[in-house]
Novice: 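Dropping the structure in here first, questions after.
Computed over heavy atoms, backbone and side chain alike; hydrogens, waters and symmetry mates excluded.
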Amino acid sequence: MVFSFSAWMSLLNNFAIEVASFDGSQIGILQSIREIPGFLSFGVIFVLIFIHQQRLTYISMMLLGLGVAFTGLFPSVMGLYVTTVIMSLGFHYQETLNQSLSLQWLDKKTAPIILGKITAAKSFTSLIVFVLIYIMMKYFSLPYNLVYLFFGSVTFIVAILAWFLFDHFKDDVIQEKKIRLKKEYWLFYVLTFFAGARRQIFIVFASFLLVSKFGVKIESMVVLLFVNSILNIFFAPMIGKFIAKFGERITLKFEYLGLMIVFISYAYVENIYIVYALYIMDHLLFSMAIALKTYFQKIANPKDLASASAVSFSINHIAAVFLPALLGFLWLYSPALVFITGASIAMLSFILSFFIPQNPTRGYETTLSAIKHQAQNQDL
């Protein structure tokens, strides 16, 4: 998944501006369209009635590969919109199932550490991607369409091989096949919603700032992403150990506080090297999002993991459907206001993080539920 999606993301802004001639509003609309399949991720529950989770993961990877492979072949506004939907459908279904299966298969005590290692593995794969893109475009001057075709085709072929070569595991716990919002998960839902909003501002507009305001070329963007991947290989496992030792409450507070500082800095920065540093810091902070997953793993009923993962992905993408387009038009008026919006969202997340218990479990999902249980015990 990472092999093709990293290529798609790292090339997107330069491809959209240099080849498809996109402006700020069009890139915002593109990103909103990209997130529609994410918003509809709850549909994976209905598909799971007919097909096993692991097999659906492979099919999703095939769709992702096809979407990426065809991207460079249709360098127009409508062409990029259509291929993006195909790519996004595969990516978001695969990510939904990835989260569901990870939380089902991993032990709660070691989950943060293993998820940190998985994040490091993803970063290592991205590293390979960025090196290949750099060589392809710097030394062989390959056009965008051939680069996209290569990376998408590799993912498609690997998905087919995985189907036949990997063991097919049985689910230990039969998963709920209904879409259901549960009030005890309200804090997880709200933090997931805000995480989706912040993620869009970073993905869409931080990169666009580098290209549109500072004129960063594709080779420099790839080098920047290369540095991010190198750092993530080392820091992601450390973040996993940090979560396991200090808990989700402290980790998420640190993430949200750091994001507030980064977004405010984006709004007013004029030095290209400071922007590079902010971009790297931004990327590292997002690795701490592992804590939100493990927080949910601790408070969730095991049979809810598949359905709740699908619901959370949909909630994560509610803002993603309208926010990039809305902020794309705001960008035309004032780019700084886009990042001030991101800082405000991070501040709300920081405030909400105080409701996470130090040791969250089922029945003690928030500090409010813990207080409620204490009051009930005193009455007894």
Novice: For Gly363, is there any backbone N or O sitting under 3.5 Å from a side-chain donor or acceptor partner on Glu365?
Specialist: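 Yes.
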Novice: Spell out, yes or no, whether Phe296 and Leu368 are grouped together once hydrophobic residues are joined by side-chain heavy atoms under 4.5 Å, including indirect joins.
Specialist: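 Yes: a chain of side-chain contacts under 4.5 Å links Phe296 to Leu368.
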Novice: Report yes or no: do Tyr144 and Glu18 form a side-chain donor-acceptor pair below 3.5 Å?
Specialist: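 Yes, Glu18 and Tyr144 have a side-chain donor paired with an acceptor closer than 3.5 Å.
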Novice: Give the cluster check for Ile250 versus Tyr295: same hydrophobic cluster or not, with ILVMFWY residues linked at side-chain heavy-atom distances below 4.5 Å.
Specialist: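 Different hydrophobic clusters.
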Novice: Checking ring-ring contact (aromatic ring centres under 6.0 Å, His included) between Tyr148 and each of Phe15, Phe70, Phe5, which is the one that passes?
Specialist: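 Only one option passes, and that is Phe15.
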Novice: Using a cut-off of 6.0 Å, state whether more than 12 heavy atoms not belonging to Met62 lie near its atom CE.
Specialist: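 Enclosed.
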Novice: Between His92 and Ser88, is there a donor-acceptor pair closer than 3.5 Å when you use the side chain of the first and the backbone of the second?
Specialist: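 A pair under 3.5 Å: yes.
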Novice: Using modelled atom types only, decide if a donor and an acceptor are shared between the side chain of Thr110 and the backbone of Ile113 within a distance under 3.5 Å.
Specialist: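 No, because the side chain of Thr110 does not come within donor-acceptor range (under 3.5 Å) of the backbone of Ile113.
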Novice: Evaluate the side-chain hydrogen bond (donor to acceptor under 3.5 Å, both in side chains) criterion for residues Ser287 and Asn232: first the C-alpha distance (whole Å), next the side-chain angles of each, then the deciding distance (0.1 Å), finally the verdict.
Specialist: CA-CA 8 Å; Ser287 296; Asn232 249 349; 2.8 Å; yes
Novice: Is there a path from Tyr273 to Leu224 through hydrophobic residues (I, L, V, M, F, W, Y) whose side chains come within less than 4.5 Å of each other?
Specialist: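 The answer is yes; both residues are in one hydrophobic cluster.
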Novice: Are Ile157 and Ile160 in one and the same hydrophobic cluster, where Ile, Leu, Val, Met, Phe, Trp and Tyr link if side-chain heavy atoms are under 4.5 Å apart?
Specialist: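 Not linked; separate clusters.
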Novice: Taking Gln297 for the side chain and Leu106 for the main chain, is one N or O donor matched with an acceptor at less than 3.5 Å?
Specialist: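 It does hold such a pair.
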Novice: I'd like to know if Phe166 and Phe164 are part of one continuous hydrophobic network [Ile/Leu/Val/Met/Phe/Trp/Tyr, side-chain heavy atoms within less than 4.5 Å].
Specialist: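 As far as the 4.5 Å side-chain criterion goes, Phe166 and Phe164 are connected within one cluster.
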Novice: Below 4.0 angstrom, N of the basic side chain to O of the carboxylate: do Glu248 and Lys298 qualify?
Specialist: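 Yes, Glu248 and Lys298 are salt-bridged.
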Novice: Give, for atom OG1 of Thr84 and atom CG of Leu89, the distance between the pair rounded to the nearest 0.5 Å.
Specialist: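 These two atoms lie 12.5 Å from each other.
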Novice: Give, for atom OG1 of Thr57 and atom CD of Glu95, the distance between the pair rounded to the nearest 0.5 Å.
Specialist: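 Rounded to the nearest 0.5 Å, the OG1-CD separation comes out at 10.5 Å.
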Novice: Taking the six-membered ring for Trp and the full ring for Phe, Tyr or His, determine whether the centres of Phe3 and Phe151 are under 6.0 Å apart.
Specialist: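 Phe3 vs Phe151: aromatic centres under 6.0 Å.
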Novice: Please report the C-alpha distance between Gln94 and Leu64 in whole Å, then the side-chain angles of each, then the deciding distance to 0.1 Å, and finally whether the side chain to side chain contact (heavy atoms under 4.5 Å, CB included) criterion is met.
Specialist: CA-CA 9 Å; Gln94 198 276 342; Leu64 168 63; 5.8 Å; no
Novice: Just by distance, do the side chain of Thr294 and the backbone of Ala291 share a donor-acceptor pair under 3.5 Å?
Specialist: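 Side chain of Thr294 to backbone of Ala291: a pair is present.
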Novice: Give me the ring orientation class for Tyr134 and Tyr139: parallel if the planes are under 30° apart, tilted from 30 to 60°, perpendicular past 60°.
Specialist: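 Perpendicular.
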Novice: Take a 6.0 Å sphere around CZ of Phe235 and say whether it holds more than 12 heavy atoms from other residues, nucleotides or ligands.
Specialist: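 Open: at most 12 neighbouring heavy atoms sit under 6.0 Å from CZ of Phe235.
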Novice: For the atom pair CE (Met1) and CG (Asn98), what is the distance rounded to the nearest 0.5 Å?
Specialist: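 Reported value, rounded in 0.5 Å steps: 6.0 Å.
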Novice: Backbone N or O of Gln358 within a donor-acceptor pair of the Arg249 side chain at under 3.5 Å?
Specialist: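 Such a contact is absent between Arg249 side chain and Gln358 backbone.
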Novice: In this structure, is the centre-to-centre distance between the rings of Tyr256 and Phe350 below 6.0 Å?
Specialist: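 No, the ring centres sit 6.0 Å or more apart.
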Novice: Using a side-chain heavy atom cutoff under 4.5 Å and only I, L, V, M, F, W and Y, what cluster partners does Met61 have?
Specialist: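 Besides Met61, the hydrophobic cluster comprises nothing; the residue is isolated.
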Novice: If I take atom CG from residue Leu12 and atom OG1 from residue Thr71, how far apart are they, to the nearest 0.5 angstrom?
Specialist: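 The distance works out to 8.5 Å.
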Novice: Are there more than 12 heavy atoms of other residues, nucleotides or ligands under 6.0 Å from atom CZ of Phe254?
Specialist: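 Count not over threshold, so no.
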Novice: How long is the span from the CG atom in Leu66 to the CD1 atom in Ile86, to the nearest 0.5 Å?
Specialist: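 Nearest 0.5 Å value for the CG-CD1 distance: 7.5 Å.
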Novice: Atom CZ of Phe194 and atom CG of Leu348: how far apart are they, to the nearest 0.5 Å?
Specialist: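 Separation between the atoms: 4.5 Å.
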Novice: Got more than 12 heavy atoms from elsewhere within 6.0 Å of OH, Tyr189?
Specialist: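 Yes - once you tally the heavy atoms of other residues, nucleotides and ligands closer than 6.0 Å, there are more than 12.
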Novice: Tell me whether the count of non-hydrogen atoms from other residues, nucleotides or ligands lying under 6.0 Å of NZ in Lys138 goes above 12.
Specialist: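 No, the 6.0 Å shell around NZ holds no more than 12 heavy atoms from other groups.
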Novice: Tell me which pairs pass side-chain hydrogen bond (donor to acceptor under 3.5 Å, both in side chains) where either residue lies in residues 344-353, with sequence neighbours left out.
Specialist: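 Applying side-chain hydrogen bond (donor to acceptor under 3.5 Å, both in side chains) to every pair that reaches into residues 344-353, excluding sequence neighbours, yields Arg198-Ser349.
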